Protein chains: 2
Amino acid sequence: MIVEDQHLMRLALVHELQAAIPACVVHAAATIATALELIEANQFALILIDPGLPGYDPRSEMDRLKTISTVVERTPAAIHIVITGAESAQEWEEVRTIGVAGYIAKNSLKPGTMTAILQSIADHGCCVGLMHETSMSPEVYHAVLSPREQELVQWMMQRPANISRKAIYDQLGEHLNIDAASAERYYKRARAKLLKFGQLPESL
Amino acid sequence: MIVEDQHLMRLALVHELQAAIPACVVHAAATIATALELIEANQFALILIDPGLPGYDPRSEMDRLKTISTVVERTPAAIHIVITGAESAQEWEEVRTIGVAGYIAKNSLKPGTMTAILQSIADHGCCVGLMHETSMSPEVYHAVLSPREQELVQWMMQRPANISRKAIYDQLGEHLNIDAASAERYYKRARAKLLKFGQLPESL
DNA sequence: GACGAAAGTGACGGCGCTGTCCCTATTTGC
DNA sequence: GCAAATAGGGACAGCGCCGTCACTTTCGTC
């Protein structure tokens, strides 16, 4: 079950969870009230919860903890992971004592990370992901490109000047489990598309 | 350009924007520093910005406004929309005076809403979306279903007892621009899949 | 008993994304 | 100059999703 008030984030969490756990059933609630309804009707194995729900003051540590403990108390059989936009090491210590297994900052939650989180909980019993201040490089998204093409372009734009494109193709081939030649083909198709639509960045 | 620190939300916003504006190019930044880099290198027509960035205190109204005004001042040609997780009517009044056209709560931002937001700004010059306390009904997502099938199941589960399924098929056909008969087949295929995987909810 | 609503099954063409294979110019570097 | 890297194009099969069409059976109700 996922308890998260922001529609888009809830959707994203559903997808992350489905990507991490094949053939699973995910229930989602936007409010505590809805979550409690679901808890009474179902047995959940895993619960993601964001303590910043409407109706409660997200600045109040008490409200946040109450939200979490309310859910945790009623689902003793489930594994609980807190997904928060305003994380603090202290809060993690507190929720840990009431039985929460994971504490993840929304900041540090990237696409595909869910698998690692669940694995970590399975191995060590808990998982913490506080904020990464990694000063991300800028991202560019072109609507005319398919996801694969988009990914190829992203990689290629980050290529240091002294590395040959061929080397990138090899890296990508290994990373995506495809032929380096196919990676080359993708990049070329992507480039052709961008050229066609006049969206070609200078960094080519 | 999108300025948003949470990876998943940033991704979701990119998709929303691409869905609303065909064949567009979207740049995304996770920090103010990255955003300012992008501003110096590009001319943007539309900027979505979340004031709750790392390095600033999201509780401090001053930090939030500074984040916004920093970006707005340097991009006078762009339309600015604030996307915030902690909205307040007062903050909207303040950012409005410095030239922000839209103020949308993450709470009220649903998949597909971006088109309406942009349309509203085009028509009236501004758009406000504060929190909807609509006490959403619970959602269920089955990984084995395709998006269409998922949607059909969702609709069917919300069916009041006194409405025939046939009526739902008609509604759906109209809503999705497909044959009511096709909607029927989708539902049946979805049901067959759930049955096969033992994931059939009682509400069938 | 007849009729319609609902359930269950099978099949088809179209489309886009993916991954592969092949062929040809042009440029770059040694 | 020659070889490797780069740029550009065309074609193909596989797969999943989408939308459509057709057929059978069961159930409830009038």
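Nothing here was measured: the structure is a model prediction, and the numbers come from that model. Naming convention: chains lettered A, B, ... in sequence-line order (proteins, then strands); numbering from 1 in each chain.
- Computed from coordinates, the R185(A) CZ to dC23(C) P distance equals 13 Å when rounded to whole Å.
- For A192(B), counting side-chain heavy atoms from C-beta on, the closest listed nucleotide (dA7(C), dT18(C), dT9(C)) is dT9(C).
- Atom CD1 in I168(B) sits about 15 Å away from atom P in dA5(C), given to the nearest Å.
- Distance L172(A) CG to dG19(C) P: 11 Å, rounded to the nearest Å.
- For K188(B) and dT25(D), the NZ to P distance is 14 Å, given to the nearest whole Å.
- The distance from atom CE of M114(A) to atom CD of Q18(A), rounded to the nearest 0.5 Å, is 11.5 Å.
- When the nearest nucleotides of DNA chain C are assigned to L145(A) and A181(A) by heavy-atom distance, the more 5′-ward of the two goes with L145(A).
- Taking the charged nitrogens against the carboxylate oxygens, E94(A) and R64(A) have no contact shorter than 4.0 Å, which rules out a salt bridge.
- A close approach under 4.0 Å does not occur between any side-chain nitrogen or oxygen of S146(A) and OP1 or OP2 of dG16(C).
- At whole-Å resolution of the value, CG in N162(A) and P in dA5(D) are 16 Å apart.
- For the OP1/OP2 pair of dT20(D) and a distance below 4.0 Å, the side-chain nitrogens and oxygens of S182(B) include at least one atom meeting the criterion.
- Between the OH atom of Y187(A) and the P atom of dT18(C) there is a distance of 18 Å, rounded to whole Å.
- Between the P atom of dG16(D) and the CD atom of Q150(B) lies a distance of 19 Å, rounded to the nearest Å.
- Nearest nucleotide to the side chain of R165(A), out of dC21(C), dA7(D), dC18(D): dA7(D).
- In this structure, L11(B) CG and E16(A) CD are separated by 8.5 Å, a value rounded to the nearest 0.5 Å.
- The side chain of Y186(A) places no N or O atom within less than 4.0 Å of a non-bridging phosphate oxygen (OP1 or OP2) of dT18(C).
- To the nearest 0.5 Å, atoms OH (Y103(B)) and OG (S88(B)) are separated by 4.5 Å.
- In this entry the distance linking CD of E149(A) with P of dT20(C) reads 15 Å, nearest Å.
- Closest approach to the K166(A) side chain among dA7(C), dA5(D), dG19(D) is made by dA5(D) (side chain taken as heavy atoms from C-beta onward).
- Under 3.5 Å, the side chain of R189(B) and the base of dG8(C) form no donor-acceptor pair of N or O atoms.
- A distance of 10.0 Å separates CD1 of I81(A) from CD1 of I2(A), quoted to the nearest 0.5 Å.
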